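Just below is one structure, and these are the notes that go with it.
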Amino acid sequence: MLKKLPIDTYTFKSMMEDGYMYVDKTEIVYKLTHESKIAFLSRPRRFGKSMLCHTLKEYFSGNKEMFQGLKIYDLEKDWVKHPVFFFTMSMLKDCSLETMKEKLSSQLRDYEKNYGRDPEVNSPGGRLAYLIKQVTEKKEPNPVIIIDEYDAPLLNKLDKPELLEATRNFLQEFYQVIKDYEGNLRFAFITGITKFSQLSIFSTLNNLKKISLLPDYDAICGITENELQTQLLPYLEIFAQKNEITVEQAFNKMLEYYDGYHFSDGETRVFNPFSLINALYDKKLNYYWFDSGTPTFLINQLKRFNTNLAELENEKLPASLLDMPATELTNAIPLLFQSGYLTIKGYDKDFEVYLIGIPNKEVRVGLSESLLPMVTKIDNITSNSTVINFATAIRANDLDAALEVIKAYIASIPYDVMTKEDWEDKAKCERFYQVLIFVMFGLFNRYTYIEVKSIRGRADIVMFAENTVYVLEFKVDSSAEEALKQIDEKGYAIAYQDRVKGRNVVKCGININSKLRTIDGWKIDE
């Protein structure tokens, strides 16, 4: 009988005791705990950070029998029982400073039952320091500190400077203890999504090891392709049988929807574990991770930096920008990467830069659904209905009908989506429609690209559909014929005619009327 899939638990203890399936990460846990003293890991939400923290908690608590059958069971010889001080900071988000203090105080009280409390010390940091000193005085093994989602109380305050500063000062006093007592600790582990460089854990900790982009730890969270094909293979086989497809087809579907995450310049790719496990449990594909909630802080930052989906593919960034603190952002791309909406696609060793892009279909569709209303100021219901009609036309290989859908949708866009000056600027006008159509094509198909380079120029949009490659070019206040002529003169479609077998190549020139603010004509050449 197969073990239960863990869709409703995130603690290692409950998984082991209640018979849940656990993808064995303990070999990496052993390496981490024996090669680092204080470590920080950044990973997106629902990517297994809390499970990892609970695994560390049970390991350092010396619960050897709980790990029977896992790799660390034989790797570890001593199994020393350390006092573990575990803090879940997600409990402190979306609440007032006073409520934050009380919730953190409640977590501290759990440990003070065993080690006591100095009645003259009231601050959270002072109380944590007292706990560490008590462990030392009792001559117990050095304690371990685990802080899960350290940045949760800060993220939703990125656009509220006063609240952000007050919260940061409050947490600073608490996190400073790790710096002050690092010599008394066996190990400290901190997880989060992004960095806040002003906090002492990043600005003053000498021994902090940032493992987020290291190849040795790129699979510490998430599920690798090999793990799906071995440890989770029976569940994949059931998924395939239920959907009347082969196991290979089921695997490829999982690749398309949930795979594609890289957390280093190595070759390891991982699946989003939340979506993958839910898909295997439900035996159907869905957008689980995105539907579980797009963080408010992220949407606010996308609006703040006027982000569009077209700028998110094939970005090149140095490691320093991927790791950029949230309070120092000049655009949303580092935060999108840290939050899991972008991932590493490649690495240029000569220039020491990472190639960044959207990881999979789930994220592409989710981002498009979020950004389309932002671009057009039209509600989600209208936008979603339009996308469905657009996708239906594309699936039928009816580009005329698809462009009619877009034309009708554009007619409903409010005038104030751009300024009068922007509408009169041909370059900005062309860019607006290019991005709009790119987002709609991106919702339908992950293989949609903008500003595609060729030897003689750049095609505005190229999309690979099931049986067709679409090459689109835009003109403003010109003619569809001129746009189509540019495709031929620049040879934008030649590469696809020679390279793509089994697909028709469709060229389309589109003209935009800046005064009418809509598409007023197109010409298709198949």
Side-chain angles (χ1 to χ4, degrees), residues 6 9-13 15-16 20-60 66-67 70-76 84 86 88 90 144-151 186-195 201 207-232 258-277 289 319 322-323 337-340 343-344 347 354 359:
T9 184
Y10 64 92
T11 69
F12 182 80
K13 182 178 181 180
M15 289 185 71
M16 295 298 106
Y20 284 94
M21 174 65 197
Y22 174 74
V23 175
D24 190 357
K25 301 287 186 181
T26 59
E27 185 175 14
I28 309 177
V29 167
Y30 182 83
K31 178 180 179 63
L32 170 64
T33 55
H34 286 74
E35 294 186 359
S36 302
K37 177 72 177 289
I38 301 173
F40 170 71
L41 175 70
S42 169
R43 284 295 184 270
R45 63 185 178 85
R46 295 186 177 273
F47 234 87
K49 298 190 300 295
S50 295
M51 174 59 69
L52 175 60
C53 287
H54 282 275
T55 305
L56 288 165
K57 176 185 176 182
E58 300 303 330
Y59 167 62
F60 279 115
M66 200 173 287
F67 291 85
L70 302 178
K71 291 181 179 179
I72 202 171
Y73 186 84
D74 295 320
L75 289 170
E76 181 57 69
V84 178
F86 187 117
T88 303
S90 60
V144 170
I145 294 178
I146 299 172
I147 299 177
D148 190 21
E149 298 190 66
Y150 90 97
D151 54 350
R186 162 61 180 89
F187 185 74
F189 187 64
I190 304 158
T191 78
I193 291 177
T194 186
K195 282 200 324 182
I201 54 175
N207 294 334
L208 178 68
K209 186 72 171 178
K210 293 179 284 186
I211 66 171
S212 307
L213 297 175
L214 298 181
D216 285 347
Y217 302 104
D218 52 12
I220 197 168
C221 290
I223 296 171
T224 67
E225 294 176 12
N226 180 63
E227 288 165 344
L228 175 58
Q229 292 176 312
T230 54
Q231 298 181 56
L232 292 172
Y258 310 126
D259 193 31
Y261 286 95
H262 288 82
F263 294 108
S264 76
D265 57 3
E267 295 183 0
T268 302
R269 301 196 317 179
V270 297
F271 291 90
N272 181 316
F274 179 78
S275 293
L276 179 64
I277 294 299
W289 184 68
L322 289 184
D323 200 30
F337 169 75
Q338 295 160 13
S339 302
T343 194
I344 295 169
Y347 182 70
Y354 292 91

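Note that the structure is predicted; figures quoted are calculated from it, not measured. In this chain, residues are counted from 1 in sequence order.
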**Heavy atoms of other groups near Lys37 NZ, more than 12 under 6.0 Å** = yes

**Message:** More than 12 heavy atoms of other residues, nucleotides or ligands under 6.0 Å from CD of Gln229: yes or no?
**Reply:** yes

**Message:** Quick one: does any side-chain atom of Ser36 pair with a main-chain N or O of Thr33 as donor and acceptor, under 3.5 Å?
**Reply:** no

**Message:** Strictly distance-based, threshold 3.5 Å: is any side-chain N or O of Lys13 a donor or acceptor partner for the main-chain N or O of Met66?
**Reply:** no

Taking the side chain as everything from C-beta on, heavy atoms only, tell me whether [X] gets closer than 4.5 Å to [Y].
{"X": "Leu213", "Y": "Ile344", "value": "yes"}
{"X": "Thr26", "Y": "Leu75", "value": "no"}
{"X": "Tyr22", "Y": "Met16", "value": "yes"}
{"X": "Ile72", "Y": "Tyr59", "value": "yes"}
{"X": "Ser212", "Y": "Phe40", "value": "yes"}
{"X": "Leu32", "Y": "Ile211", "value": "yes"}

**Prompt:** Do Ser42 and Gln338 have side-chain N/O donor and acceptor atoms under 3.5 Å apart?
**Reply:** no

For [X] and [Y], work out which heavy atoms get closest and say how close.
{"X": "Asp259", "Y": "Glu225", "value": "OD2-OE2, 2.6 Å"}
{"X": "Ala219", "Y": "Thr268", "value": "CB-CG2, 4.1 Å"}
{"X": "Leu228", "Y": "Phe271", "value": "CD2-CZ, 3.6 Å"}
{"X": "Leu322", "Y": "Tyr354", "value": "CD1-CD1, 3.5 Å"}

Got a second to check how far [X]'s [atom1] is from [Y]'s [atom2], nearest 0.5 Å?
{"X": "Ile223", "Y": "Ile277", "atom1": "CD1", "atom2": "CD1", "value": "4.0 Å"}
{"X": "Lys71", "Y": "Lys25", "atom1": "NZ", "atom2": "NZ", "value": "10.0 Å"}
{"X": "Ile28", "Y": "Thr55", "atom1": "CD1", "atom2": "OG1", "value": "11.5 Å"}
{"X": "Glu58", "Y": "Phe86", "atom1": "CD", "atom2": "CZ", "value": "9.5 Å"}

Quick one: list whatever passes side-chain contact (heavy atoms from CB on, under 4.5 Å) with [X], sequence neighbours left out.
{"X": "Gln231", "result": "Met21, Val23, Asp24, Glu227"}
{"X": "Arg46", "result": "Phe274, Trp289, Ser292"}
{"X": "Asn226", "result": "Thr224, Thr230"}
{"X": "Asp216", "result": "Lys31"}

**Request:** Output all residues satisfying salt bridge (charged side-chain N to carboxylate O under 4.0 Å, His left out) with Asp323, sequence neighbours left out; order by chain, then residue number.
**Result:** Lys195, Lys210

**Message:** Show, in sequence, the C-alpha distance, side-chain angles and deciding distance for Leu41 and Tyr217, and conclude whether the side chain to side chain contact (heavy atoms under 4.5 Å, CB included) test is met.
**Reply:** CA-CA 9 Å; Leu41 175 70; Tyr217 302 104; 5.5 Å; no

Please name all residues satisfying side-chain hydrogen bond (donor to acceptor under 3.5 Å, both in side chains) with [X], sequence neighbours left out, ordered by chain then number.
{"X": "Tyr261", "result": "none"}
{"X": "Ser264", "result": "Asp218"}
{"X": "Ser90", "result": "none"}

What residues, two or more places apart in sequence or in another chain, satisfy ring pair (Phe, Tyr, Trp, His ring centres under 6.0 Å) together with [X]?
{"X": "Phe187", "result": "Phe60"}
{"X": "Phe67", "result": "Phe12, Trp79"}
{"X": "Tyr73", "result": "none"}

Name every donor-acceptor pair, under 3.5 Å, that has one atom in a side chain of residues 47-54 and the other anywhere in the protein, sequence neighbours excluded.
residue: Lys49; atom: NZ; partner: Arg43; partner atom: O; Å: 3.1
residue: Lys49; atom: NZ; partner: Pro44; partner atom: O; Å: 2.8
residue: Ser50; atom: OG; partner: Asp148; partner atom: OD2; Å: 2.5

